[in-house]
Amino acid sequence: MKKIKLKNCNKEFTIGKIVCIGRNYLEHIKELGNEISEKPVIFLKPSSALIFSGEKILHPTFSENMHHEIELVLLIGNRIKNASLQEAEESIIGYAVGLDMTLRDLQDKLKSKGHPWTIAKCFDTSAVVSEFISKEDYQITLEEKISLKVNDVIKQDEKLNLMMFKPAEIVEYLSTFMTLEEGDLIFTGTPKGVGKVVRGDKLVGSIDNIGRLEVTVE
Ligand code: MG
């Protein structure tokens with residue numbers, strides 16, 4: 001069981017499920033040649049995939065094309081089901097910056113067959129998070145910049161307000177399909193600029209006023 005602490009808060013949270021949103025930034029949809037979706041695209045990662053800033057991403061041997069996806073991550077603080085937009089907003093109690101590592105070669109093959117993407121997204125170390133900041137300490141505006149550098153070269157650099165579905169809307173929508181519980185994490189999708197990483201690469205991600213993560217690929 002993996003646990004996280006909120007900055008300036010003594011409470012520990014046991015990580016539950018990790019829910020991810022795909023295709024949430026228009027320019028990223030275009031760069032992968034995907035269709036725009038009227039509703040958020042949802043998939044899951046197991047909690048066993050989670051690592052923290054400072055740890056290492058282990059490149060799976062069964063892929064030749066692992067991509068970085070830098071994302072805003074939400075921490076859920078209470079159990080909700082069929083939430084209103086306001087209840088959804090209130091259930092978000094913390095934020096972090098995260099990486100949704102993706103095996104693009106496997107994902108492309110699965111997509112072409114209409115199969116689930118799970119094995120392209122679920123591998124050990126495929127979900128990276130920074131420290132979490134409490135909503136009590138920082139009110140997000142979505143004017144913050146989200147960025148990722150690979151070996152000191154900027155690859156992804158956009159404002160959070162380019163998200164098509166905003167955090168509370170995502171949570172409201174998810175809660176119509178599944179109960180969300182304390183300790184669940186939600187990855188909210190990546191802006192344009194995704195690309196391949198190889199062993200030895202150093203990844204540094206950040207969101208203004210929210211957090212920073214640093215990992216190497218091994
Ligand atoms: Mg993603």
Side-chain angles (χ1 to χ4, degrees), residues 15 17-37 39-53 57 59-60 63 65-76 92 95-111 115-130 142 144-150 155-167 169-171 173-174 177-178 184-197 201 203-207 210-211 213 215 217:
I15 300 301
K17 56 189 168 292
I18 302 173
V19 190
C20 303
I21 301 302
R23 305 183 188 175
N24 201 18
Y25 290 79
L26 188 59
E27 294 301 318
H28 171 62
I29 294 172
K30 288 185 189 167
E31 74 181 345
L32 292 185
N34 286 322
E35 279 178 20
I36 298 169
S37 175
K39 295 287 182 185
V41 173
I42 301 170
F43 60 95
L44 295 166
K45 282 179 188 268
S47 57
S48 52
L50 192 75
I51 61 167
F52 299 96
S53 176
I57 294 171
H59 196 310
S63 171
N65 193 13
M66 178 165 72
H67 274 201
H68 54 75
E69 295 189 357
I70 194 76
E71 310 200 359
L72 170 71
V73 181
L74 316 175
L75 172 64
I76 298 298
I92 303 167
Y95 304 102
V97 55
L99 275 168
D100 163 20
M101 300 307 292
T102 301
L103 306 178
R104 197 71 71 200
D105 45 359
L106 271 67
Q107 188 190 34
D108 286 346
K109 270 188 209 159
L110 294 160
K111 270 164 57 179
H115 289 174
W117 304 334
T118 306
I119 61 169
K121 293 282 195 178
C122 69
F123 57 99
D124 294 351
T125 74
S126 66
V128 186
V129 288
S130 68
L142 301 185
E144 297 84 359
K145 249 192 173 184
I146 179 167
S147 66
L148 179 78
K149 287 182 187 174
V150 179
K155 298 289 187 180
Q156 296 187 268
D157 192 32
E158 295 288 352
K159 276 193 175 177
L160 291 175
N161 65 13
L162 291 178
M163 272 188 218
M164 295 160 65
F165 302 103
K166 310 298 192 233
E169 293 168 351
I170 291 169
V171 172
Y173 183 68
L174 289 175
F177 298 103
M178 65 184 102
D184 287 349
L185 301 183
I186 297 166
F187 281 62
T188 57
T190 197
K192 74 172 191 291
V194 300
K196 181 176 175 173
V197 298
D201 281 349
L203 281 59
V204 176
S206 64
I207 302 176
I210 301 276
L213 63 78
V215 279
V217 181

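Order of appearance sets the numbers: ligands from 1, and atoms from 1 within every ligand.
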task = Check whether any side-chain heavy atom of Asp100 lies under 4.5 Å from a side-chain heavy atom of Lys45, and answer yes or no.
result = yes

message = Is any side-chain heavy atom of His28 closer than 4.5 Å to one of Glu69?
response = yes

query = What N, O or S atom of Glu71 is found closest to the Mg ion (ligand 1)?
reply = OE2

ask   = If you check every N/O/S atom of Asp100, which is the one nearest the Mg ion (ligand 1)?
value = OD2

ask   = Atom CD1 of Ile29 and atom CD of Glu35: how far apart are they, to the nearest 0.5 Å?
value = 10.0 Å

message = Counting C-beta onward and ignoring hydrogens, is there a side-chain heavy-atom pair between Leu142 and Lys159 closer than 4.5 Å?
response = no

Among the N, O or S atoms of Glu69, the one nearest the Mg ion (ligand 1) = OE1

